[in-house]
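One structure is given below, encoded as structure tokens.
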Amino acid sequence: FILWMSFCPASMDASTSARRVRIFSVTLFKNIFPSVKSNSVIISNLSFFVLSLHISRIDFQLFSALNVSYNQIDSAAALEKAEKLRTLDISYNMLTEADGLKSCIRMQELSMEGNPLENIAWIEPLTELTNINLAQTGLVEEDLVYFQNMKNLQTLDLSGDMIFGVSAIMDLGSLQQITISYTPLNDTDIQKLEEKNIEVINETVYPAVQRLYFIEEQAEISVGETYWQDPVCYPSGSVLEDAVWTSSDETVAVVDQSGV
């Protein structure tokens with residue numbers, strides 16, 4: 001049984017929204033939750049006023065699954081006693097850290113997507129995690145060391161993070177799938193992951209090149225020398241592929257297929 005409660009006071013007019021928010025919040029958190037027998041709850045799209053004011057009244061020890069995504073939450077302290085929690089979706093909030101999750105050592109599935117995390121040291125004790133979503137959280141390569149003891153980790157989403165290498169998690173024998181869309185991860189590391197039979201999901205879509213510029217419009221080279229200049233592509237983020245390079249006067253200079 002899953003209890004789903006969603007509330008958006010933005011749809012109310014300004015003169016009545018505050019009063020209705022207070023009525024709703026008191027009814028929801030003070031009266032309804034103590035009588036709930038469910039071990040799973042979804043609290044999605046509540047106002048920050050409601051959630052921050054009354055979330056401490058919820059007995060999170062009852063829940064094994066919890067969804068509190070899109071609520072502007074800036075602290076996970078209320079989850080310190082949620083030791084039975086197996087599944088948590090706390091994505092798209094305002095968390096910079098989540099030390100309150102350290103005690104959730106039984107957790108198996110965690111989504112922190114869209115939070116502006118500054119460090120993830122708190123995740124290291126959660127060694128039973130099997131599925132982790134840390135997409136668009138600002139992770140860097142150095143943060144991956146906190147996954148090294150997660151022997152049950154099967155899927156990992158690092159989309160949109162500043163991950164230049166994944167050597168820290170190469171020895172995770174249980175890892176089956178990693179998502180690296182919109183990361184600067186190089187082809188060498190991707191190949192190494194695939195050689196370990198890890199499915200690499202890369203849904204990065206780069207914009208088409210509209211214009212091509214060269215910083216140096218002229219260059220002097222001696223006979224027999226070669227020259228190459230990286231072109232600047234517009235718009236930013238576009239990638240030049242399948243370009244055909246030609247010389248306007250091959251009696252002066254020739255150019256090969258790679259542009260040299």
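Partner of Leu144 under the side chain to side chain contact (heavy atoms under 4.5 Å, CB included) criterion, out of Leu134, Asp161, Ile163: Ile163 alone. Put simply, the residue from Asn133, Asn131, Thr179 that forms a side-chain hydrogen bond (donor to acceptor under 3.5 Å, both in side chains) with Thr155 is Asn131. Of the candidates Ile90, Asn115, Asp89, Leu88, Asp89 is the only one forming a side chain to side chain contact (heavy atoms under 4.5 Å, CB included) with Ser69.
With a 4.5 Å cut-off on side-chain heavy atoms, Met107 and Thr87 do not count as touching. Contact annotation: the side chain of Ile178 approaches that of Ile169 to within less than 4.5 Å [non-hydrogen atoms, C-beta and beyond]. Inter-residue side-chain proximity for Tyr92 and Gln72 is flagged as unmet; no heavy-atom pair is nearer than 4.5 Å. Taking the side chain as every heavy atom from C-beta outward, Glu141 and Ser167 approach each other to under 4.5 Å. Ile132 has its side chain within reach of Ile123: a pair of non-hydrogen atoms, C-beta onward, lies under 4.5 Å apart. Looking at heavy atoms from C-beta onward, Leu158 lies out of side-chain contact with Leu185 at the 4.5 angstrom threshold. Considering only heavy atoms from C-beta on, Glu203 comes within 4.5 Å of Ile201 through its side chain. Looking at Leu85 and Arg106, their side chains never come closer than 4.5 Å, going by heavy atoms from C-beta outward.
The CD atom of Gln176 lies 12.5 Å from the CG atom of Leu156; values are rounded to the nearest 0.5 Å. Within the model, atoms OG1 of Thr130 and CD of Gln154 stand 5.5 Å from one another, a figure rounded to the nearest 0.5 Å. Here the straight-line distance linking atom CG of Asp157 with atom CD of Gln136 works out to 8.5 Å at 0.5 Å rounding. Interatomic distance, OG1 of Thr188 versus NZ of Lys192, reported as 7.0 Å (0.5 Å rounding). Here the CG atom belonging to Asp189 is positioned 9.5 Å from the OG1 atom belonging to Thr183, to the nearest 0.5 angstrom. The distance from the CG atom of Asp143 to the CD1 atom of Ile120 is 4.5 Å, given to the nearest 0.5 Å.
Looking at every heavy atom in both residues, Asp171 comes nearest to Lys196 through OD1-NZ, 4.4 Å. Thr204 and Ile180 get closest at one heavy-atom pair: OG1-O, 4.4 Å. A pairwise comparison of heavy atoms in Pro125 and Ala121 identifies CD-O, 4.1 Å as the closest pair. Minimum heavy-atom separation, Glu128 to Asn152: CA-ND2, 4.1 Å. The two atoms that bring Cys104 and Leu79 nearest to each other are SG-O, 3.6 Å, heavy atoms only. Considering every non-hydrogen atom in both Val254 and Ser247, the closest pair reads CA-CB, 4.3 Å.
A donor-acceptor pair under 3.5 Å is formed between the side chain of Ser103 and the backbone N or O of Glu80. Judged by distance alone, the side chain of Thr127 and the main-chain N or O of Met150 form no donor-acceptor pair under 3.5 Å. A distance-only check finds a donor-acceptor pair linking the side chain of Asn93 to the backbone of Asn71 [under 3.5 Å]. With hydrogens and angles disregarded, a donor-acceptor distance shorter than 3.5 Å links the side chain of Glu225 to the backbone of Ser222.
Linking Ile, Leu, Val, Met, Phe, Trp and Tyr whenever their side-chain heavy atoms come within less than 4.5 Å leaves Met162 and Leu139 in two separate clusters. Placement of Met112 and Val140 in two distinct hydrophobic clusters is found when ILVMFWY residues are connected by side-chain heavy-atom separations under 4.5 Å, directly or transitively.
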